[in-house]
Visitor: 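Let me give you the structure first, and then I'll get to my questions.
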Amino acid sequence: MDFNINEILADMLSAMKISFGEDWGVVKSTANGFIQSKKIRLESLAKKRLEGTIDQAFFLNRLEDEKDILASELHAIAIVSAVLAQNAANAAIDVLTDAIEALL
Amino acid sequence: MKNLKLNEIIRPHKYGVVLMTMLLIIVSACRVTFVPDYSESIEKQIIATQKMNEKLYSDMLATAAANRDYENFEKAYAEIESNINSLVFQMQAREKNTDFVAMTDILKKKFIAYKNEHKGLKDKGKKLSNSEIETYSDFMKAFYTPMLVAEKALSRTKNK
């Protein structure tokens with residue numbers, strides 16, 4: 001089976017981009033950071049498997065772990081996105097508050 | 001059509017100032033909260049726990065393969081697990097905690113899984129190899145990183 005890490009990671013990035021839609025610009029740098037770390041980790045894992053220093057079961061278990069890593073990363077991205085949304089909403093409320101204060 | 005201004009509507013009213021003050025109080029109280037407050041102590045604890053975890057694997061690598069039995073690292077495993085449990089407890093006590101609790105639960109689940117894999121090697125008559133230790137280290141780091149990224153993001157919340 002052909003296992004092209006770069007291709008897989010590029011596809012993952014595209015899928016995340018489509019899924020986040022308009023919010024992509026907001027979370028892009030965080031997601032890119034996670035994908036880069038994933039690339040280094042998976043390349044190292046694949047190299048160890050090819051060299052035979054880890055067995056197939058250990059290799060497959062770690063690939064399975066990538067699902068949990070991705071889940072954790074998506075939770076972090078949700079928080080980064082929520083922080084920006086909170087800042088934007090409160091900035092708008094502050095403008096209204098300042099306008100009312102000016103009238104008093 | 002003439003644009004109506006708020007002060008033109010309310011000010012001429014007998015109780016205009018009172019109404020404006022009430023409106024100000026209501027609007028001021030409307031600040032939204034989607035995430036928990038930033039905690040410097042939690043950020044430091046994430047970093048400290050990851051450091052302990054990293055040290056566990058460094059110590060294993062520095063130990064001769066024949067002496068890498070689980071029992072020789074049991075104390076370090078227990079200390080790290082205790083720190084992770086403390087993080088789980090602190091995350092559960094926060095408001096708006098869903099994402100943080102989920103990340104910490106994943107961290108705990110994987111730490112215990114890796115510990116049990118190490119523990120189970122004895123029955124198979126095997127020892128941890130350098131490659132396995134390096135991989136555990138890489139993967140554990142990947143479970144701490146999102147938590148740290150998220151906690152640091154909280155420090156960027158703007159409170160007037």
Side-chain angles (χ1 to χ4, degrees), chain A residues 26-27 29-31 33-34 37-38 40-45 47-49 51-55 57-59 61-104, chain B residues 5-7 10-11 16-17 20-21 23-36 38 96 98-107 109-110 113-114 117 126 129-132 134-136 138-139 141-160:
Chain A
V26 170
V27 298
S29 79
T30 309
F34 287 146
S37 304
K38 205 176 287 300
I40 294 166
R41 192 168 56 249
L42 287 174
E43 278 176 349
S44 171
L45 185 72
K47 185 170 172 273
K48 288 181 173 76
R49 180 66 197 118
E51 288 168 352
T53 54
I54 55 172
D55 64 24
F58 186 90
F59 174 74
N61 282 338
R62 298 301 75 86
L63 282 186
E64 191 68 24
D65 290 344
E66 280 295 334
K67 288 182 191 170
D68 283 323
I69 292 172
L70 183 63
S72 204
E73 289 168 344
L74 291 175
H75 283 296
I77 287 172
I79 289 165
V80 170
S81 180
V83 165
L84 294 169
Q86 180 176 309
N87 286 346
N90 287 332
I93 290 167
D94 288 343
V95 169
L96 183 57
T97 309
D98 290 346
I100 297 168
E101 267 177 347
L103 295 175
L104 283 171
Chain B
K5 291 183 178 173
L6 197 61
N7 56 336
I10 299 174
R11 267 221 168 126
V17 174
M20 295 276 270
T21 308
L23 188 59
L24 180 64
I25 292 166
I26 292 165
V27 172
S28 302
C30 281
R31 289 185 71 84
V32 297
T33 310
F34 301 141
V35 290
Y38 166 67
K96 314 276 178 190
T98 314
D99 290 300
F100 277 100
V101 169
M103 284 188 286
T104 323
D105 283 346
I106 291 171
L107 172 74
K109 183 181 83 174
K110 300 320 289 191
Y114 293 177
E117 281 184 24
K126 289 171 73 180
S129 71
N130 283 2
S131 286
E132 286 168 336
E134 285 162 9
T135 305
Y136 282 141
D138 287 348
F139 275 67
K141 205 181 295 167
F143 290 112
Y144 285 101
T145 304
M147 290 175 64
L148 187 59
V149 166
E151 194 61 49
K152 281 183 181 294
L154 295 185
S155 71
R156 294 195 292 272
T157 49
K158 289 172 188 158
N159 296 311
K160 200 178 178 187

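Throughout, protein chains are lettered first and strands after them, A, B, ... in sequence-line order, and every chain is numbered starting at 1.
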Visitor: Can you say whether Glu117(B) sits under 4.5 Å from chain A via the side chain, the backbone, both, or neither, judging by heavy atoms?
Guide: side chain

Visitor: Would you say Thr135(B)'s side chain and Ser131(B)'s backbone share a donor-acceptor pair under 3.5 angstrom?
Guide: yes

Visitor: Quick check on the interface: out of Ser37(A), Ala85(A), Ala89(A), Ala91(A), who has the most heavy-atom pairs with chain B under 4.5 Å?
Guide: Ala85(A)

Visitor: At a heavy-atom distance under 4.5 Å, which candidate from Glu73(A), Arg41(A), Lys38(A) has the highest pair count against chain B?
Guide: Arg41(A)

Visitor: Output all residues satisfying side-chain hydrogen bond (donor to acceptor under 3.5 Å, both in side chains) with Asp65(A), sequence neighbours left out; order by chain, then residue number.
Guide: Arg62(A), Lys110(B), Tyr114(B)

Visitor: Just so I know, are the side chains of His75(A) and Phe100(B) near enough to count as touching, which here means a heavy-atom distance under 4.5 Å?
Guide: no

Visitor: Using a 4.5 Å cut-off on heavy atoms from C-beta on, say whether the side chain of Ile106(B) contacts that of Ile69(A).
Guide: no

Visitor: Side chain from CB out, backbone as N, CA, C, O: work out which of these in Leu154(B) comes under 4.5 Å of a heavy atom of chain A, or both, or neither.
Guide: both

Visitor: Can you list the residues that meet the side-chain hydrogen bond (donor to acceptor under 3.5 Å, both in side chains) rule with Ser44(A), with sequence neighbours excluded?
Guide: Lys48(A)

Visitor: Could you tell me which portion of Lys109(B) (side chain, backbone, both or neither) has an atom closer than 4.5 angstrom to a non-hydrogen atom of chain A?
Guide: side chain

Visitor: Given heavy-atom pairs under 4.5 angstrom as the criterion, report whether the side chain, backbone, both or neither of Thr104(B) touches chain A.
Guide: neither

